[in-house]
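In what follows, a single structure is set out as structure tokens and then discussed.
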There are 2 protein chains.
Amino acid sequence: MARKKLDEIRPEQGDDAAARRTPMREFSRSLPMSLLRAREAVMRQFRPSLRNHGLTEQQWRILRALTAVDEIEVTELARVAFLLGPSLSRILRDLEGRALIERKAAENDARRAVVSISAKGLKLIEAVAPTSEAIYAEITRRYGARKLAELHEMLGVLEASLAGMGSAEDAEVEADE
Amino acid sequence: MARKKLDEIRPEQGDDAAARRTPMREFSRSLPMSLLRAREAVMRQFRPSLRNHGLTEQQWRILRALTAVDEIEVTELARVAFLLGPSLSRILRDLEGRALIERKAAENDARRAVVSISAKGLKLIEAVAPTSEAIYAEITRRYGARKLAELHEMLGVLEASLAGMGSAEDAEVEADE
DNA sequence: GGAAAGAACTTAACATGTTAATCATCTCCC
DNA sequence: GGGAGATGATTAACATGTTAAGTTCTTTCC
């Protein structure tokens with residue numbers, strides 16, 4: 001159901017050029033693309049506000065996660081804020097430099113670092129939150145609360161469905177370890 | 001640096017420290033986060049295969065988009081592959097250097113560039129496609145074809161719902177530009 | 001017909017994503 | 001005890017995301 005449209009789009013020249021090519025799904029039906037587009041549509045709403053407060057999306061995620069706990073280890077924070085270690089390291093360095101967070105070594109393990117939000121950080125959060133919540137409310141209003149919950153549910157199931165799917169290495173690259 | 005006695009500011013954390021803070025949605029219920037996690041779960045499946053062929057996700061998106069047309073202008077390609085101009089510029093420079101694509105100036109407008117996939121690019125696509133399709137099939141099998149279609153539908157509606165929502169600038173920052 | 005405004009990239013600058021390598025510490029086990 | 005290996009965190013290197021500024025060419029319009 002995907003291929004036929006191409007002739008319509010490119011009627012005249014090499015009308016069979018595309019037809020000879022590897023058959024694949026239409027681009028718009030790609031799941032990663034759909035998720036990307038949807039996420040971008042949502043984030044586009046939040047970015048200006050965050051930017052006005054000197055925060056990036058990821059910095060906001062971290063501060064927000066820190067607001068929910070008293071303190072947290074870096075590794076756990078990475079898991080909660082869904083950031084990779086290297087990204088988190090850089091951002092924490094920056095946030096600490098801006099005095100929005102505090103960092104100290106864990107008591108019983110010198111390798112671990114424990115992070116917490118500072119008073120200044122809390123203040124920033126409180127300044128951003130109203131706008132952020134208003135935007136979220138508007139999104140909910142437009143899309144529908146029920147539908148939003150349903151979407152959350154479906155996304156969660158998708159994630160769970162793929163959890164055990166060990167990254168299928170390419171056949172030509174030999175077996176796994 | 002400028003490290004104050006924050007123990008004074010946030011003294012003595014009890015178990016209810018978090019409860020006193022700004023009320024916000026749980027992190028896991030954040031829509032951007034759900035979309036990000038779902039997308040990452042999907043992309044995690046594809047990345048190893050692409051990597052084995054020397055392609056990043058975005059490079060693959062571009063080549064894939066080029067496969068569907070005979071040639072296309074850069075701006076239109078950016079729209080279709082959902083990439084920003086600067087990213088696309090860099091990637092096209094790289095892909096052209098690897099002879100995976102071809103670029104020429106438009107006939108009637110010297111500003112515009114027209115891009116097309118090369119024979120070498122097509123060959124690469126054909127080498128990656130089988131694995132890629134197999135992964136997609138497995139995802140579909142696990143999640144369910146019907147559910148997948150429904151998810152696509154809901155994501156599309158979400159995107160459309162937010163389309164007209166003019167990026168709500170922060171109230172405290174007047175629109176000056 | 002030429003200056004000004006607009007359009008299509010491109011470059012620049014900074015922040016993050018991604019993988020690999022490094023560094024320090026810790027655990028286990030001989 | 002002490003060394004091999006595991007673990008937590010950071011750094012390195014490269015690619016992309018994001019916004020702003022710059023370049024080149026076109027169109028508009030006086």
Side-chain angles (χ1 to χ4, degrees), chain A residues 32 36-37 39-52 54-63 72-79 81-98 101 103-115 167 169, chain B residues 32 36-37 39-63 72-79 81-98 103-115 167 169 176-177:
Chain A
L36 179 61
R37 294 176 66 93
R39 184 175 140 80
E40 176 54 29
V42 174
M43 282 315 302
R44 200 192 334 272
Q45 312 303 323
F46 290 98
R47 253 189 291 269
S49 166
L50 291 178
R51 182 173 174 73
N52 285 339
L55 288 176
T56 65
E57 176 196 338
Q58 293 81 1
Q59 292 166 354
W60 169 247
R61 283 221 299 276
I62 291 176
L63 291 182
I72 188 173
E73 290 182 6
V74 172
T75 298
E76 177 66 2
L77 179 56
R79 194 187 62 76
F82 208 67
L83 291 169
L84 293 179
S87 295
L88 185 53
S89 268
R90 285 178 301 216
I91 299 173
L92 289 181
R93 189 204 313 147
D94 176 75
L95 293 179
E96 189 177 21
R98 290 200 270 167
I101 67 164
R103 180 156 38 173
K104 66 177 186 182
E107 298 175 4
N108 51 340
D109 191 335
R111 292 171 305 182
R112 298 165 190 270
V114 173
V115 182
S167 56
E169 292 295 326
Chain B
L36 179 59
R37 294 177 64 94
R39 185 176 138 79
E40 176 54 28
V42 174
M43 282 314 302
R44 200 192 333 273
Q45 311 304 322
F46 290 99
R47 254 190 290 269
S49 166
L50 291 178
R51 184 174 173 73
N52 286 338
H53 289 282
L55 288 176
T56 66
E57 177 196 338
Q58 293 81 359
Q59 291 166 355
W60 169 248
R61 283 222 298 275
I62 292 175
L63 290 182
I72 188 174
E73 289 181 8
V74 172
T75 297
E76 176 66 2
L77 178 57
R79 194 187 62 76
F82 207 67
L83 291 168
L84 294 179
S87 294
L88 186 53
S89 269
R90 284 178 302 216
I91 299 174
L92 288 181
R93 189 204 313 146
D94 175 76
L95 293 180
E96 189 177 21
R98 289 201 271 167
R103 180 155 40 171
K104 65 176 187 182
E107 299 175 4
N108 50 340
D109 192 334
R111 291 172 306 182
R112 299 165 189 268
V114 173
V115 181
S167 55
E169 292 294 328
D176 45 61
E177 59 252 297

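Chain A is the first sequence line, chain B the second, and so forth, proteins listed ahead of strands; every chain is numbered from 1. Only a predicted model underlies this, so the values are computations on that prediction, with no experimental measurement involved.
- Residue A/Gln59 is the one, among A/Gln59 and B/Arg51, whose nearest nucleotide of DNA chain C lies closer to the 5' end (criterion: closest heavy atom).
- Atom CZ of A/Arg61 and atom P of D/dG17 are 15 Å apart (whole Å).
- Ion pairing between a basic and an acidic side chain is recognised when a charged N comes within 4.0 Å of a carboxylate O; A/Glu96 and A/Arg93 show no such pairing.
- Using five terminal pairs a side, the axes of the helix from C/dG1-D/dC30 to C/dC30-D/dG1 at its two ends make an angle of 0°, given in steps of 10 degrees.
- Residue order along DNA chain D, read from the 5' end via each residue's closest nucleotide, puts B/Asp94 first among B/Asp94 and A/Glu57.
- In this structure, A/Trp60 atom CH2 and D/dG17 atom P are separated by 24 Å, rounded to whole Å.
- One atom, CD of B/Gln45, and another, P of C/dT18, lie 14 Å apart when rounded to the nearest Å.
- One atom, CD1 of B/Ile91, and another, P of D/dC14, lie 17 Å apart when rounded to the nearest Å.
- A search for salt bridge (Lys or Arg N to Asp or Glu O under 4.0 Å) contacts involving B/Arg51 returns nothing, not counting sequence neighbours.
- Remark: B/Thr75 pairs with no residue by the side-chain contact (heavy atoms from CB on, under 4.5 Å) rule, at least two apart or across chains.
- In this entry the distance linking CG of A/Leu83 with C1' of C/dT16 reads 9 Å, nearest Å.
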Determine, stepwise, if the pair B/Glu57 / B/Phe46 fulfils side-chain contact (heavy atoms from CB on, under 4.5 Å).
CA-CA 8 Å; B/Glu57 177 196 338; B/Phe46 290 99; over 6 Å; no
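- As rounded to whole Å, 11 Å separates atom C1' of C/dT19 from atom CZ of B/Arg47.
- Applying the side-chain hydrogen bond (donor to acceptor under 3.5 Å, both in side chains) test to B/Arg112 and every residue at least two apart in sequence or in another chain returns B/Glu73, B/Asp109.
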Indicate every side-chain donor-acceptor pair of residues 83-91 of chain A with a distance under 3.5 Å to a residue at least two apart or in another chain.
unit_1	atom_1	unit_2	atom_2	d
A/Ser87	OG	A/Arg90	NH2	3.3

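- Note: CG (B/Asn52) to P (C/dT19) measures 12 Å, nearest angstrom.
- With hydrogens and angles ignored, the 3.5 Å screen pairs no side-chain donor or acceptor of A/Arg39 with any backbone N or O of B/Leu36.
- Residue A/Ala41 comes nearest to A/Gln45 through the heavy atom pair O-NE2, 3.2 Å, listed as atom of the first residue, atom of the second, then distance.
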What does nucleotides 2-11 of chain C look like as a protein-contact string, B for base, S for sugar-phosphate only, - for none, at under 4.0 angstrom between heavy atoms?
----BBSSBB
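- Contact between B/Gly54 and B/Arg98 at its shortest, heavy atoms only, is O-NH1, 3.0 Å.
- Atom-to-atom, CG of B/Leu36 to P of C/dT16 comes out at 14 Å; the value is rounded to the nearest Å.
- The phosphate of C/dG17 has OP1 or OP2 within less than 4.0 Å of a side-chain N or O from A/Gln58.
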